[in-house]
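Have a look at the structure below before the remarks.
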Amino acid sequence: MPNIRCPRCGSSRIVPVGQNDKFILYGFGGTAVLFGGGFLLPLLWAFIPAWWFIDLLFYLRRPLAACEECDYMWDPRSRSS
């Protein structure tokens with residue numbers, strides 16, 4: 001992550017970190033909704049693998065930033081950091 005400094009300690013040793021909680025919440029939540037809706041409209045079951053792929057892409061493309069010096073984690077896209 002170039003040109004990003006830690007807002008807490010000022011270090012430039014920054015690494016991207018995935019958002020595991022959102023990945024699990026949206027992955028399982030969306031799967032449960034599609035699975036349940038599949039009983040009313042069986043075509044929805046075909047969208048479950050697509051949902052997993054979209055959720056995985058979101059997880060990989062929207063990382064948080066973490067400082068290796070002080071272990072602080074933040075969203076580099078938010079204006080409050």
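These numbers were taken from a predicted model, which means no experiment stands behind them.
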Original post:
Same hydrophobic cluster for Phe58 and Val17, using side-chain heavy-atom links shorter than 4.5 Å among ILVMFWY?
Top reply: no

Original post:
Are Ile14 and Cys6 close enough that some pair of their side-chain heavy atoms sits under 4.5 Å apart?
Top reply: yes

Original post:
Could you walk me through whether Trp74 and Leu64 pass the side chain to side chain contact (heavy atoms under 4.5 Å, CB included) check?
Top reply: CA-CA 6 Å; Trp74 74 97; Leu64 297 174; over 6 Å; no

Original post:
What's the shortest heavy-atom distance between Ile4 and Pro76, and which atoms?
Top reply: CD1-CB, 4.2 Å

Original post:
Between Gly10 and Arg5, what is the shortest heavy-atom contact and its length?
Top reply: O-NH1, 3.0 Å

**OP:** Group every Ile, Leu, Val, Met, Phe, Trp and Tyr by side-chain heavy-atom contacts under 4.5 Å, then state whether Phe47 and Phe35 land in the same group.
**Re:** yes

Original post:
Can you tell me how far SG of Cys70 sits from CZ of Arg8, rounded to the nearest 0.5 angstrom?
Top reply: 5.5 Å

Subject >> Pair Cys67-Cys9, side chain to side chain contact (heavy atoms under 4.5 Å, CB included): steps then yes or no >> reply: CA-CA 9 Å; Cys67 177; Cys9 71; 3.6 Å; yes

Subject >> Trp52 CH2 to Leu34 CG distance, which is reported to the nearest 0.5 Å >> reply: 10.0 Å

Subject >> In one Ile/Leu/Val/Met/Phe/Trp/Tyr side-chain cluster, 4.5 Å: Phe28, Trp45 >> reply: no

Subject >> Distance flag, aromatic centroids of Phe53 and Trp51, threshold under 6.0 Å >> reply: no

Original post:
Is the closest side-chain heavy-atom distance between Leu44 and Phe39 below 4.5 Å?
Top reply: no

